[in-house]
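Encoded as structure tokens, the structure appears first; notes follow it.
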Amino acid sequence: MLKTCISSLFILLMMTTQAFCWEMSEFMIYVWGVPKTDNLETKAKALADAGVTIVNWEPDKLDILQKYGLKAMVHNPTPEIAAKLSKHPALWGYHCGDEPYPEDKFPPIAQQFIDLKKSDPNHPAFINMLSTTGDFLRTYMEVVKPEILSYDYYQWWWGSDRYFEKLEQLREAALLADIPLACCLEVTANPEVERGDNTYLADNRLKLRQSVYTALAYGVKGIEWFNASAMFKPESTELTQAGKDVKALNTELKL
């Protein structure tokens with residue numbers, strides 16, 4: 001049953017792909033999350049000052065982003081939202097999920113992408129993937145037909161032994177599909193951060209620089225920072241030391 005559904009969606013995607021015309025026009029610098037403040041002006045300014053270009057934002061609040069040169073990643077989109085926002089200059093794209101698993105989740109994602117593209121062919125539907133490769137990744141690429149391949153592999157948290165292997169495999173998949181590759185990197189290299197230890201490591205900036213520039217060497221077209229809670233102090237728009245490291249690297253990425 002799943003194979004039949006996948007085959008039907010694949011044929012439909014092949015028939016409709018020619019009508020989709022989004023192309024990545026500038027390097028992507030995205031941060032997962034936003035600083036904790038209710039003041040949208042303060043929030044937008046803090047994100048712009050940190051050097052990111054794409055931010056999570058409410059679909060009915062996009063106008064303020066133009067002032068700061070930011071573009072919005074709109075979460076939980078519907079075709080109706082896409083139709084309404086399709087011509088807004090501060091829109092980047094539509095966030096449709098994170099790390100879908102297992103493969104039976106791919107056909108519904110593919111259909112969501114098709115529905116969004118009917119409403120707005122000029123902005124991408126976005127999914128971030130696991131770093132799992134092999135048949136899992138091939139099935140995703142064949143069924144969903146993404147316009148950008150985004151994935152996460154946090155070498156400073158999980159170990160560097162497979163970091164370059166993942167870079168190579170994901171790069172190959174993006175090249176075969178002729179789409180841009182983007183990767184998520186950790187804001188802080190401290191592996192204990194996921195267990196609540198926010199200690200800043202003296203070599204954090206050096207480690208982040210290694211991640212950024214090796215990713216660039218493999219042809220990535222976007223860096224995604226995970227996440228805003230490590231970049232900004234609690235309930236504040238003030239950067240942490242790790243956030244300052246990210247800002248410095250974002251400045252370099254824009255040169």
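The model shown is predicted, which means the values in this text are computed figures rather than measured ones.
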Notebook entry, point to check: In Å, rounded to the nearest 0.5 Å, how long is the span from CD of Glu172 to CG of Leu137?
Noted result: 9.5 Å
Notebook entry, point to check: Are a donor atom and an acceptor atom from the side chains of Tyr30 and Asn56 found within less than 3.5 Å of each other?
Noted result: yes
Check: Can you tell me if OH on Tyr101 sees more than 12 non-hydrogen neighbours from other groups inside 6.0 Å?
Finding: no
Next item on the list: Answer yes if Leu175 and Met141 sit in the same cluster of Ile, Leu, Val, Met, Phe, Trp and Tyr residues linked by side chain heavy atoms under 4.5 Å apart, and no otherwise.
Entry: no
Check: Side-chain contact, heavy-atom cut-off 4.5 Å: Trp92 with Ile54?
Finding: yes
Margin query: Membership question, hydrophobic clusters at under 4.5 Å side-chain separation (ILVMFWY): are Leu181 and Leu216 in the same one?
Written below: yes
Next item on the list: Measure the spacing between OG1 of Thr139 and CG of Asp104 and express it to the nearest 0.5 Å.
Entry: 11.5 Å
Item checked: side-chain contact (heavy atoms from CB on, under 4.5 Å) evaluation trace for Leu170 with Tyr218 -> CA-CA 10 Å; Leu170 273 295; Tyr218 276 76; over 6 Å; no
Notebook entry, point to check: Is Tyr68 close to Thr53 at the side-chain level, that is, under 4.5 Å between some pair of heavy atoms?
Noted result: no
Check: Where does the angle between the aromatic ring planes of Phe126 and Trp32 fall among parallel (under 30°), tilted (30 to 60°) and perpendicular (over 60°)?
Finding: tilted
Next item on the list: Not counting sequence neighbours, which residues clear salt bridge (charged side-chain N to carboxylate O under 4.0 Å, His left out) with Asp203? List them please.
Entry: Lys207
Item checked: Contact check, side chains of Leu91 and Lys71, non-hydrogen atoms, under 4.5 Å -> no
Check: Hey, are Asn128 and Ser150 close enough side-chain-wise for a donor-acceptor pair under 3.5 Å?
Finding: yes
Note to self: Checking side-chain polar atoms at under 3.5 Å, does Tyr200 have a donor or acceptor matched by the opposite partner on Asp245?
What the structure shows: yes
Notebook entry, point to check: Would you call the rings of Tyr163 and Tyr153 parallel, tilted or perpendicular, where under 30° means parallel and over 60° means perpendicular?
Noted result: tilted
Checklist line | Distance-only side-chain donor-acceptor flag, Asp63 / His88, under 3.5 Å | finding: yes
Check: When you check the gap from the basic side-chain N to the acidic O, do Lys233 and Glu238 get nearer than 4.0 Å?
Finding: yes
Notebook entry, point to check: How about Pro100 and Met129: do any of their side-chain heavy atoms sit closer than 4.5 Å?
Noted result: yes
Note to self: So does Lys43 get a backbone contact from the side chain of Thr37, meaning a donor-acceptor N/O pair under 3.5 Å?
What the structure shows: no
Check: Tyr151 and Glu99: side-chain donor and acceptor closer than 3.5 Å?
Finding: no
Note to self: If you apply the rule side-chain contact (heavy atoms from CB on, under 4.5 Å), what do you find for Phe232 with Val187, and how did you get there?
What the structure shows: CA-CA 10 Å; Phe232 297 94; Val187 169; over 6 Å; no
Notebook entry, point to check: Got a sec: does the CD of Glu168 have more than 12 other heavy atoms crowding it under 6.0 Å?
Noted result: no
Checklist line | Main-chain N/O of Val193 paired to Asn198 side chain as donor or acceptor, under 3.5 Å | finding: no
Check: Just by modelled atom types, is the Phe27 backbone N or O under 3.5 Å from a matching donor or acceptor in the Lys221 side chain?
Finding: no
Note to self: Within the structure provided, determine whether Ile109 and Cys96 are in side-chain contact (heavy-atom separation under 4.5 Å).
What the structure shows: no
Item checked: Joint hydrophobic cluster, Leu185 plus Phe164, side-chain heavy atoms closer than 4.5 Å -> yes
Check: How about Lys254: does its NZ atom have over 12 heavy atoms from other parts shown lying under 6.0 Å from it?
Finding: yes
Checklist line | 4.5 Å side-chain heavy-atom contact, Val55 and Met73 | finding: no
Next item on the list: Would you indicate whether the side-chain heavy atoms of Leu85 and Leu62 approach each other to under 4.5 Å?
Entry: yes
Notebook entry, point to check: Side chains of Asp197 and Thr199: is there a donor and an acceptor less than 3.5 Å apart?
Noted result: yes
Next item on the list: Please round to the nearest 0.5 Å and tell me the distance separating atom CD1 of Ile114 and atom CD of Gln111.
Entry: 4.5 Å
Next item on the list: Determine, stepwise, if the pair Asn250 / Val52 fulfils side-chain contact (heavy atoms from CB on, under 4.5 Å).
Entry: CA-CA 7 Å; Asn250 288 344; Val52 299; 3.8 Å; yes
Notebook entry, point to check: In terms of side-chain heavy atoms, does Gln155 have a donor or acceptor partner in Gln210 at a distance below 3.5 Å?
Noted result: yes
Next item on the list: Please answer: with hydrophobic residues joined when any side-chain heavy atoms are less than 4.5 Å apart, are Leu206 and Leu201 in the same cluster?
Entry: no
Notebook entry, point to check: Can a donor-acceptor pair be found between the side chains of Tyr140 and Glu103 at a distance below 3.5 Å?
Noted result: no
Check: Any side-chain heavy atom of Leu47 within less than 4.5 Å of one from Val31?
Finding: yes
Notebook entry, point to check: Taking the inter-plane angle between the rings of Tyr94 and His123 on a 0 to 90° scale, is it parallel (under 30°), tilted (30 to 60°) or perpendicular (over 60°)?
Noted result: perpendicular
Notebook entry, point to check: Under a 4.0 Å N-O cut-off, is there an ion pair linking Glu192 with Arg195?
Noted result: yes
Check: Quick one: do the Trp157 and Glu194 side chains pair a donor with an acceptor below 3.5 Å?
Finding: no
Notebook entry, point to check: For Ala230, does its backbone N or O pair with a side-chain atom of Thr240 as donor and acceptor, under 3.5 Å?
Noted result: yes
Note to self: Tell me if the NZ atom of Lys45 is crowded by more than 12 foreign heavy atoms within 6.0 Å.
What the structure shows: no
Margin query: Is it the case that the side chain of Asn204 and the backbone of Ala189 share a donor-acceptor pair, with hydrogens and angles ignored and the cut-off at 3.5 Å?
Written below: yes
Next item on the list: Compute whether any side-chain donor of one residue and acceptor of the other, for Thr188 and Asn190, lie under 3.5 angstrom apart.
Entry: no
